[in-house]
Every structure is written in C-alpha cells, then in structure tokens.
Amino acid sequence: MKAGLQTTIQDLGRYGFREFGVSPSGAMDPYSLQMGNLLVGNDLGEAGLEVPLIGPVLMALHDVSIAICGGNLSPKINEQEIPHWKSIVIKKGQILSFGELKEGTRAYISIAGGIDVPFVLNSKSTYLTGKFGGLKGRALKDGDILFGNPYTRRNRFLHTKFIPKYTNPLTVRVIVGSHNGKFTSVGLETFLTEEYTISPQSNRMGYQLTGPKLEHSSTADIISDAIPLGGIQVPASGQPIILMAEHQTTGGYSRIGTVISADIPRLAQAQPGTKVRFKEIALQTAQDLLIDSKRRLNYLYRLSR
C-alpha cells in the first residue's frame with residue numbers, strides 16, 4: 001500500500017486524561033466517521049482511517065464492506081469512481097485509490113469490522129504529537145498492513161438531507177468568552193464582524209487564521225488555563241488560532257471565544273484558504289444543537305441495527 005499524505009487511525013478520541021497532559025485527539029470530523037461506521041454496520045465510535053488532502057492506495061486482502069464519508073477525494077476501486085456516503089464491497093485483490101480533491105479536506109474510510117490495533121488509554125486514536133495510539137503512534141507508512149475482522153453486508157446509503165455541504169466562505173457559531181476582559185470593545189467587534197482566512201500552516205492541533213488584528217486591552221497572556229476543543233486563542237500578534245482535535249490541554253494565551261461542538265465537523269473540512277466568519281450564539285442554543293445532533297445520530301444507529 002501507499003500511505004497518502006498523513007493517513008491516521010482515528011476513533012472518537014480518548015477522554016479522562018487531560019490532567020496528565022493527554023490530548024483527546026480523535027477524528028477531526030467525528031460526524032463523517034460516525035456516519036461511515038453506521039453505513040458499514042459498526043458501532044458509531046469504531047476507528048477508521050482519516051485521510052487528509054492526498055489519499056492512500058490500499059489493496060483489499062479480503063472481501064469487505066467499506067464506506068467513505070466526509071471530504072471528496074475522488075475515491076476509486078480499480079480506477080472506477082465509487083460513490084461517497086454509501087457502503088460498498090471491495091473484493092479481495094481490488095485496489096482503493098484517490099484522485100483529485102473536489103470538496104472538503106478529510107475523507108474517512110470506515111471498514112466493516114473495524115481496525116485491529118491496541119487500545120491505548122481507552123482509545124485506538126493516533127496521537128501524533130504524543131507518538132502513541134493507532135499504529136505505533138504514527139501516520140501510516142508505505143507497505144503497512146492493517147488487520148481487522150472483515151465482513152460484508154448489503155449496501156446502504158444516506159439520504160441527501162444527512163450529507164453536509166462544505167462551503168467557502170464558512171460561518172461558524174461561537175460562544176464568546178471566556179477572557180472578554182483581555183480584549184477591547186473594538187477587538188470584540190472585529191472578531192464578530194470581520195473575515196479571516198485559514199492559513200496553510202494549520203494542522204490537527206490547530207487552525208491558524210489570518211485577518212484583521214484582534215485588539216487586546218493589555219497583554220495577551222493569562223495564567224495557564226484549560227483549553228476546550230474549538231477554543232479560539234489570540235496571542236500577541238492578534239491573529240486567532242482555533243484549537244482542534246490534538247490541541248494542548250492547557251495554554252497561556254487569552255481566548256476570545258469557542259466554536260460550538262455542532263460546527264466542529266464543518267470546520268474540520270475547511271481547506272487552507274477558506275474564508276471564515278464568526279457568529280455569536282447563546283450557550284443554551286449551542287447545547288440544544290449538540291443534543292439534537294446526537295439524537296439524530298442515535299436514531300439512525302437504532303434504525304440500522
């Protein structure tokens with residue numbers, strides 16, 4: 001096999017270890033991973049392959065059902081294009097490959113029966129910074145072999161209403177805070193009215209943005225504080241950084257807001273160069289959106305059993 005740009009094994013992440021400095025890690029776009037698992041009959045949290053920008057070349061060693069969700073990297077089996085957001089059987093000896101990036105940034109390959117790698121701190125996710133989890137704590141390399149318990153099942157597909165659209169520009173909803181006193185009124189207004197661009201330096205740890213400077217009221221520094229997924233740090237440069245799946249557990253830069261959990265999957269699919277705007281919403285609204293998303297996933301999962 002050929003590994004692609006940075007193909008990693010990811011599930012929904014490892015939790016309960018932040019006090020030891022361990023990032024949750026996990027899929028950048030958990031929605032796409034869970035939908036792929038639903039289509040192939042896995043538990044929603046089973047590990048799959050996260051494939052950013054340039055996909056791998058994989059040979060099937062057994063007949064097995066797969067589903068590819070998330071970003072459209074033009075997947076093919078034996079050079080014949082295959083559909084997104086649908087389960088399909090790849091037969092022994094056939095080759096799965098990828099081509100042009102058409103939409104989004106990250107594809108997720110879910111494999112019926114899952115991927116057989118050890119649980120490390122209750123998760124199969126690859127933590128690249130910590131160099132553990134997944135396959136030896138690293139991205140896949142050319143020639144790697146993945147094992148599982150492959151099986152096939154009838155093909156399934158998703159109704160179009162469950163398939164997200166990846167847009168540029170992108171508006172993400174935020175809870176403003178928790179260090180409002182560290183920013184001037186002009187800085188806060190700039191944050192909610194101006195447009196920012198995702199930098200090519202962005203990665204699984206964080207998205208660096210470029211745009212109008214966010215004005216601090218004094219220093220950008222704070223006493224180190226816990227960092228949530230989606231937290232938006234603003235260092236002295238005034239350029240915001242959105243913390244993503246492999247974010248550090250604590251940080252000493254002031255945070256101007258936090259991207260709501262329901263919008264993380266769409267943000268995770270934004271390519272470098274994507275224009276981003278922020279829209280403030282209430283905490284209760286953010287909680288309601290997250291609850292609704294989880295209910296919808298659980299409803300579809302029950303129907304699929």
Side-chain angles (χ1 to χ4, degrees), residues 6 8-30 45 50 119-134 137-139 172-184 187-188 191-192 196 198-199 201-211 213-265 267-268 270 276 278 280-281 283 286-287 290:
Q6 192 185 68
T8 57
I9 297 169
Q10 301 292 345
D11 57 21
L12 297 180
R14 53 179 56 84
Y15 294 90
F17 302 98
R18 288 175 182 265
E19 64 183 296
F20 306 110
V22 177
S23 165
S25 197
M28 289 275 282
D29 175 1
E50 181 178 275
F119 284 90
V120 179
L121 301 179
N122 303 328
S123 172
K124 295 181 180 180
S125 283
T126 309
Y127 180 21
L128 292 171
T129 307
K131 299 182 180 179
F132 62 80
R138 58 169 172 77
V172 294
R173 294 163 290 188
V174 297
I175 306 299
V176 174
S178 55
H179 304 129
N180 285 5
K182 299 294 290 185
F183 299 92
T184 65
L188 290 168
F191 174 62
L192 294 172
Y196 291 83
I198 297 177
S199 163
Q201 280 68 51
S202 302
N203 53 32
R204 280 180 49 84
M205 188 173 182
Y207 278 9
Q208 297 187 38
L209 306 184
T210 58
K213 182 176 180 179
L214 296 177
E215 187 177 87
H216 290 91
S217 58
S218 57
T219 175
D221 298 335
I222 60 169
I223 297 172
S224 287
D225 191 12
I227 295 178
L229 173 65
I232 305 169
Q233 288 186 323
V234 185
S237 67
Q239 300 299 293
I241 303 168
I242 306 177
L243 283 304
M244 301 298 286
E246 285 198 19
H247 63 82
Q248 67 272 34
T249 57
T250 63
Y253 292 135
S254 50
R255 292 198 312 280
I256 198 167
T258 302
V259 176
I260 68 170
S261 297
D263 283 357
I264 289 293
L267 181 61
V276 177
F278 299 103
E280 182 180 10
I281 66 169
L283 176 60
Q287 291 172 340
L290 180 60

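- Residues meeting the side-chain hydrogen bond (donor to acceptor under 3.5 Å, both in side chains) test with E246, sequence neighbours left out: T129, R204.
- In this structure, S23 contributes its side chain and A245 its backbone to a donor-acceptor pair below 3.5 Å.
- Interatomic distance, S25 OG to L128 CG, rounded to the nearest 0.5 Å: 7.0 Å.
- Ion pair R173/D263 flagged as a salt bridge, since at least one NZ, NE, NH1 or NH2 atom sits closer than 4.0 Å to an Asp/Glu carboxylate oxygen.
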Contacts table for residues 223-237: side-chain donor-acceptor under 3.5 angstrom, sequence neighbours left out:
unit_1, atom_1, unit_2, atom_2, d
D225, OD2, H179, NE2, 3.4
S237, OG, Q239, N, 3.3

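- Not a single donor-acceptor pair under 3.5 Å links the side chain of K182 to the backbone N or O of R255.
- Side chains of L267 and V259 form a contact here, defined as non-hydrogen atoms less than 4.5 Å apart.
- Note: Y196 and F278 have tilted aromatic rings, judged against thresholds of 30 and 60 degrees for the angle between ring planes.
- Put simply, OG on S125 and CD on Q10 are 4.5 Å apart, with the number rounded to the nearest 0.5 Å.
- Considering only heavy atoms from C-beta on, Y127 comes within 4.5 Å of R14 through its side chain.
- Separation of atoms OG1 (T126) and CD (Q6) is listed at 9.5 Å; rounding is to 0.5 Å.
- Sorted by first then second residue, the ring-ring contact (aromatic ring centres under 6.0 Å, His included) pairs that include residues 214-233, not counting sequence neighbours, are F183-H216.
- To the nearest 0.5 Å, atom CG of residue N122 and atom OH of residue Y15 are 12.5 Å apart.
- The closest side-chain donor-acceptor pair between T184 and E215 falls under 3.5 angstrom.
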